[in-house]
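What follows is one structure encoded as structure tokens, with my remarks underneath.
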2 protein chains.
Amino acid sequence: MPPGDVPDIVVGRLPIYLRALTHMAAAGQEITSSHELGQKLGISSAQIRKDLSHFGEFGKQGTGYRISHLMDQIKRILKVEREWEVALIGVGDLGHAVARYGGFKNRGFHISFLFDNDPAKIGSPIGELAILDSAQLQDVLVERAIKVAMIAVPASEAQKVADVCIEAGVKAILNYAPISLTVPDGVHVQHLDPVAYLQRMTYYL
Amino acid sequence: MPPGDVPDIVVGRLPIYLRALTHMAAAGQEITSSHELGQKLGISSAQIRKDLSHFGEFGKQGTGYRISHLMDQIKRILKVEREWEVALIGVGDLGHAVARYGGFKNRGFHISFLFDNDPAKIGSPIGELAILDSAQLQDVLVERAIKVAMIAVPASEAQKVADVCIEAGVKAILNYAPISLTVPDGVHVQHLDPVAYLQRMTYYL
DNA sequence: TAGATTGTTAATCGATTAACAATC
DNA sequence: TAGATTGTTAATCGATTAACAATC
């Protein structure tokens with residue numbers, strides 16, 4: 001099935017399904033149903049079946065879904081059955097925490113490079129990685145064919161950093177800076193602005 | 001306009017508009033139009049006008065929107081013209097970074113309490129706040145009538161912590177743990193799982 | 001077999017867009 | 001005034017849901 005045929009919003013739910021399935025599997029569960037999964041996530045069972053039907057047939061009538069099989073399939077669809085090398089630009093408090101965050105392991109990503117432009121930080125290690133000079137950013141990204149970057153620099157620098165990444169061939173950017181990045185077609189951005197999510201909830205209070 | 005009449009997805013865009021307007025204002029700009037704002041955000045001008053029309057009339061034909069006025073109105077709608085006291089539960093690497101994050105200031109939120117269950121951390125300060133014992137969580141939340149919480153504990157504890165928060169009257173939860181929380185009606189949750197956002201992009205690579 | 005659950009179709013529901021009168 | 005842009009209506013587009021035959 002060609003990517004263009006699947007709505008964005010459906011693709012966006014696949015990681016949620018995968019996350020829930022991972023927890024079920026970790027708890028030793030082997031089989032689930034669209035009904036059970038939907039109840040856990042607050043999504044209708046019909047929607048889950050419809051979403052999955054965009055990509056193939058993964059269940060069995062009367063039984064449901066074998067969790068390990070469905071996980072494998074979703075990983076394949078999302079292209080996270082492999083491990084993507086990720087560059088993290090900006091190693092302040094937040095970037096530091098992201099660099100040490102254990103949650104990328106086994107979910108398709110591995111932070112391979114850290115960059116900062118602060119001379120005091122360049123060369124010092126975080127875990128097993130040394131912080132590289134941002135001046136080398138473009139060269140390293142090109143040479144290592146990095147496609148995925150996370151930006152954790154101040155808002156005032158985020159667009160500039162994004163431009164360099166894109167110029168170097170990066171196609172997916174996770175942006176921690178509280179600013180909307182402008183990118184050309186074919187480059188994907190996701191914004192992780194905690195305040196925006198909080199504001200979205202206070203409306204209802 | 002009663003909240004029930006406004007689609008969630010519209011409410012979700014207001015913080016994005018507010019963020020973009022804030023940047024324009026910081027750059028000294030005083031007036032904008034739905035067309036300009038839309039272009040910056042990759043959203044159609046019609047959608048922006050339609051979204052805003054759910055809440056009132058904030059612009060002027062032929063001119064556009066006075067940025068400061070529109071910001072005030074959106075802040076009022078989102079209820080962030082005030083400052084919400086927020087409790088942060090879990091002060092590991094990530095929680096630590098969140099606690100030190102300067103980006104909440106002037107956007108409607110203020111971290112007022114830090115909690116952790118690690119005896120080695122309890123009592124030690126981060127900035128101006130001391131880390132409190134999680135055993136006091138429920139009492140403090142009730143006593144101070146806290147409505148907003150951020151959860152940055154390990155996935156295995158997140159649901160338990162959320163349950164305590166909800167029991168204590170919290171109505172909005174920002175969840176950093178990579179797990180889907182189950183909450184009753186009337187309680188709002190937003191999940192900030194960076195890997196889910198990355199996976200959503202790798203589909204297209 | 002009887003019960004359960006899938007995958008899919010068609011109907012419903014809701015969101016986005018295009019167009020334009022109103023008006024600054 | 002002439003040009004620009006809003007707020008709103010109606011049309012279009014797309015997503016969700018309900019229902020059910022297929023089948024494990």
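Naming: A, B, ... by sequence-line order, numbering from 1 per chain.
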**Message:** Whether the A:Tyr176 and A:Asp193 side chains hold a donor-acceptor pair (N or O, under 3.5 Å, no angle test) is what I'd like checked.
**Reply:** no
**Request:** Working to the nearest 0.5 Å, report the span between NZ of B:Lys121 and CG of B:Leu114.
**Result:** 11.0 Å
**Request:** Rounded to the nearest 0.5 Å, what's the gap from CD on A:Gln73 to CG on A:Leu18? Could you check?
**Result:**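 Nearest 0.5 Å value for the CD-CG distance: 12.0 Å.
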**Request:** Tell which nucleotide pairs with C:dA15, taking only Watson-Crick or G-U wobble pairs whose two distances are both under 3.5 angstrom.
**Result:** D:dT12
**Request:** Scan every strand shown for a Watson-Crick or G-U wobble partner of D:dC20, both distances under 3.5 Å, and answer none if you come up empty.
**Result:**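 WC or wobble partner is C:dG7.
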For [N], take OP1 and OP2 only and decide whether either is under 4.0 Å from a side-chain N or O of [X].
X       : N      : result
A:Tyr65 : C:dG7  : yes
B:Thr63 : C:dC24 : no
A:Ser44 : D:dT16 : no
B:Arg49 : D:dT9  : no
A:Arg13 : D:dT16 : yes

Just compare [options] and give me whichever is closest to any side-chain atom of [X].
X       : options                : value
B:Gln61 : D:dT23, C:dT23, D:dA15 : C:dT23
A:Glu57 : C:dT6, C:dT8, D:dA10   : C:dT8
A:Ser33 : C:dT17, C:dT6, D:dT17  : C:dT6

Could you tell me how far apart [X] ([atom1]) and [N] ([atom2]) are, to the nearest whole angstrom?
X       : N      : atom1 : atom2 : value
B:Ile31 : C:dC24 : CD1   : C1'   : 12 Å
B:Lys60 : C:dA22 : NZ    : C1'   : 15 Å
A:Asp8  : C:dT16 : CG    : P     : 13 Å
A:Arg66 : C:dA4  : CZ    : P     : 20 Å
A:Tyr17 : C:dT6  : OH    : P     : 12 Å
B:His54 : D:dG7  : NE2   : P     : 13 Å
A:Lys50 : D:dA19 : NZ    : P     : 17 Å
A:Gln47 : C:dG14 : CD    : P     : 14 Å

**Request:** Check whether any side-chain heavy atom of B:Pro178 lies under 4.5 Å from a side-chain heavy atom of A:Arg107, and answer yes or no.
**Result:**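 Of all side-chain heavy-atom pairs linking A:Arg107 with B:Pro178, at least one is under 4.5 Å.
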**Prompt:** With nearest nucleotides of DNA chain D determined for A:Asp51 and A:Gly62 from heavy-atom distances, which residue corresponds to the more 5′ nucleotide?
**Reply:**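 Between the two, 5'-proximity favours A:Asp51.
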**Request:** Give me the ring orientation class for B:Phe55 and A:Tyr203: parallel if the planes are under 30° apart, tilted from 30 to 60°, perpendicular past 60°.
**Result:**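 The arrangement is perpendicular - the two ring planes meet at more than 60°.
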**Asked** Which part of the nucleic acid does A:Ser34 contact within heavy-atom distance under 4.0 Å: base, sugar-phosphate only, or nothing?
**Response** sugar-phosphate
